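Because the structure is a prediction, the values reported are computed rather than measured. Within every chain, numbering begins at 1; the chains are lettered A, B, ... in the order of the sequence lines, protein sequences first and strands thereafter.
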2 protein chains.
Amino acid sequence: MPKVNKTKYALLGVLTVMPGSGYDIKKFCDYSISHFWNENYARIYPVLKEMEREGLVDKSVEQNEGRPQKNIYSITPLGEAELEQWLLEPAEETPARCEFLLKLFFADRIPRENLLQKIAAEKLKNEKLLEVYNQKAEHLAQSAETNSHKNLQLWLAAVNYGRCNAQASIRWCDETLESLKEEIIL
Amino acid sequence: MPKVNKTKYALLGVLTVMPGSGYDIKKFCDYSISHFWNENYARIYPVLKEMEREGLVDKSVEQNEGRPQKNIYSITPLGEAELEQWLLEPAEETPARCEFLLKLFFADRIPRENLLQKIAAEKLKNEKLLEVYNQKAEHLAQSAETNSHKNLQLWLAAVNYGRCNAQASIRWCDETLESLKEEIIL
DNA sequence: GTATCCATGTAACCAGTTACATGATTGC
DNA sequence: GCAATCATGTAACTGGTTACATGGATAC
């Protein structure tokens, strides 16, 4: 299986939502999809250039007085076709690498207290995440009343995925903290 | 923040459980920690060599008639110290990249039927995973009766993490399938 | 005056994957 | 006879991160 450039499809996807600059795309990623997808400038700019060469996106330059000039990219029909073809294929799994669980697995090498702290931190992290997801869901629901974009249902589903997993993680933290504390008493 | 070589710590960790060859380590990874950590030969062999140079592991060569010779690595006190120091630090988050959710997010570009199939596949995948976790938990519990290794509690916790998340994913799939089907009816 | 935002990019580096190379043994 | 397992490694490549470079505008 050839390694494919996922960044390309992520950028094409964002450009279907709105044409924009590399900077705009980065903002969109950080705000809207960062809980399941991340991109950084050092990938965005070269990949945009490459896609322009391939005819997947068009570039137009926006001159602004006072501000730096902006390269506005928009997706071409060829780009749309390529994106859609990729969307149809089943999602590939990337090999899991969760550092938290790796440390848990070997934690008999460190004081139990340190492990408990780690789990407590993990719980807190997920509680904050859950809060963020709830706000996002609310925000999406509100946007439905005003400009109602067609993606609402799908975007809510993506947020709910985060919610479900955060809730599950919190529950796991509670259970695990309990079971590890019991062990200390014994 | 300097990028640190996580593979190094994973290998050191495995070597605290049992000394062994690169091949053995790979087997251990695939069997015991693959649901949250993965390594491949092309990283394992060079990193073992490098760690030998650094004095973190010792190598001894095992001659076997009929079979290829084996390089048996074991962790040194220096290696243990380095591992433990790393274990004490908080786990770093790697930027999320979940292709499944990315495709969901942009799925208004593809037929709804294709999306439903993807979610159904995701559900099936998690059901199978859950089955694997349950078997692993049982296997761990049984090993406690016989040779009772000290890591039992932690290893069970790691398996339970997988269980919790798989259950959460299955629930999300059910809910999402429901809500997407309702939309079709409307 | 200081920090943040807007805006685009490059260079160097490291991590990780795929494919290739080799070859004996064991199980079906 | 064929596939899988045991066993170790290298080369080439791609992906992704960090750090660097630049510089005006706006907000506090």
Side-chain angles (χ1 to χ4, degrees), chain A residues 1-11 14 19-31 34 37-54 57 59-73 86 92-99 102, chain B residues 1-11 14 18-31 34 37-54 57 59-73 92-99 102:
Chain A
M1 218 183 302
K3 222 187 313 190
V4 281
N5 188 349
K6 305 286 165 63
T7 294
K8 186 164 111 173
Y9 299 109
L11 302 190
V14 175
S21 64
Y23 194 84
D24 295 332
I25 290 172
K26 169 71 169 150
K27 265 198 306 186
F28 183 89
C29 288
D30 288 349
Y31 182 74
S34 61
W37 198 267
N38 287 276
E39 290 294 345
N40 60 36
Y41 291 126
R43 288 286 296 156
I44 291 173
Y45 287 118
V47 171
L48 280 174
K49 267 194 183 169
E50 199 193 313
M51 290 200 295
E52 197 197 348
R53 272 202 306 277
E54 294 178 51
V57 297
K59 184 173 87 172
S60 65
V61 177
E62 191 182 286
Q63 294 290 352
N64 302 301
E65 73 278 28
R67 291 231 215 88
Q69 71 163 49
K70 241 174 132 164
N71 302 328
I72 306 288
Y73 292 91
W86 177 77
E92 271 177 53
E93 287 302 305
T94 36
R97 280 205 142 189
C98 173
E99 196 177 321
L102 190 64
Chain B
M1 210 185 307
K3 221 183 320 188
V4 282
N5 187 348
K6 305 288 166 61
T7 295
K8 188 163 108 173
Y9 299 109
L11 302 190
V14 175
M18 45 135 227
S21 63
Y23 194 85
D24 295 333
I25 291 172
K26 170 71 169 151
K27 263 199 306 187
F28 184 88
C29 288
D30 288 349
Y31 181 73
S34 61
W37 199 268
N38 288 274
E39 291 294 346
N40 60 36
Y41 290 126
R43 287 287 295 154
I44 291 172
Y45 288 117
V47 171
L48 280 173
K49 266 192 184 171
E50 198 194 313
M51 291 201 294
E52 196 196 349
R53 273 201 305 279
E54 293 178 53
V57 297
K59 183 173 88 172
S60 65
V61 177
E62 192 182 285
Q63 294 291 353
N64 302 299
E65 74 276 27
R67 291 230 215 90
Q69 73 164 45
K70 242 173 133 164
N71 301 329
I72 305 288
Y73 292 90
E92 271 177 56
E93 288 301 306
T94 36
R97 280 203 142 190
C98 173
E99 196 177 320
L102 190 64

Checklist entry - What are the two closest heavy atoms between A/Val14 and A/Cys29, and how far apart are they? => result CG2-SG, 4.3 Å
Check this one for me: any side-chain N or O of [X] less than 4.0 Å away from OP1 or OP2 of [N]?
| X | N | value |
| --- | --- | --- |
| A/Asn38 | D/dT17 | no |
| A/Lys49 | C/dT10 | yes |
| A/Tyr23 | C/dT8 | no |
| A/Asn40 | D/dG15 | no |
| A/Ser21 | C/dT8 | yes |

Roughly, in whole Å, what's the span from [atom1] in [X] to [atom2] in [N]?
| X | N | atom1 | atom2 | answer |
| --- | --- | --- | --- | --- |
| B/Leu11 | C/dA15 | CG | P | 13 Å |
| B/Arg97 | D/dG16 | CZ | P | 4 Å |
| A/Asn5 | D/dC13 | CG | C1' | 13 Å |
| B/Lys26 | D/dC6 | NZ | P | 13 Å |
| A/Leu48 | C/dA7 | CG | C1' | 13 Å |
| A/Lys8 | D/dG15 | NZ | P | 10 Å |
| B/Glu92 | D/dT18 | CD | C1' | 13 Å |
| B/Ile72 | D/dA7 | CD1 | P | 8 Å |

Is the shortest side-chain heavy-atom distance between [X] and [Y] below 4.5 Å?
| X | Y | value |
| --- | --- | --- |
| B/Val57 | B/Leu11 | no |
| B/Thr7 | B/Met51 | no |
| A/Tyr23 | A/Lys70 | no |
| B/Thr94 | A/Arg97 | no |

Checklist entry - Out of A/Glu52, A/Glu39, A/Glu54, A/Glu50, which residue meets the salt bridge (charged side-chain N to carboxylate O under 4.0 Å, His left out) rule with A/Lys8? => result A/Glu54
Checklist outcome for this item: Comparing A/Thr7 with B/Tyr41, nearest DNA chain D nucleotide closer to 5' gives the residue B/Tyr41
Checklist entry - Which distance, rounded to the nearest 0.5 Å, do you find between the NZ of A/Lys27 and the OG of A/Ser34? => result 14.5 Å
Checklist entry - Heavy atoms under 4.0 Å, any strand shown: does B/Pro46 hit a base, just sugar-phosphate, or nothing? => result nothing
Next on the checklist: Please classify the nucleic acid contact of B/Lys6 as base, sugar-phosphate, or nothing, using heavy-atom distances under 4.0 Å.
Outcome noted: nothing
Can you tell which of [options] lies closest to the side chain of [X]?
| X | options | answer |
| --- | --- | --- |
| B/Lys27 | D/dT17, C/dT8, D/dC6 | D/dC6 |
| A/Lys70 | D/dG9, C/dA7, C/dT17 | C/dA7 |
| A/Ala42 | D/dT18, C/dT8, C/dG9 | D/dT18 |

Item to check | Flag, side chain of B/Asn71 to backbone of B/Ser21, donor-acceptor distance under 3.5 Å | outcome: no
Checklist outcome for this item: Per-helix bend value, the helix from C/dG1-D/dC28 to C/dC28-D/dG1, C1' rotation axes over five pairs per end, 10° rounding, shows 50°
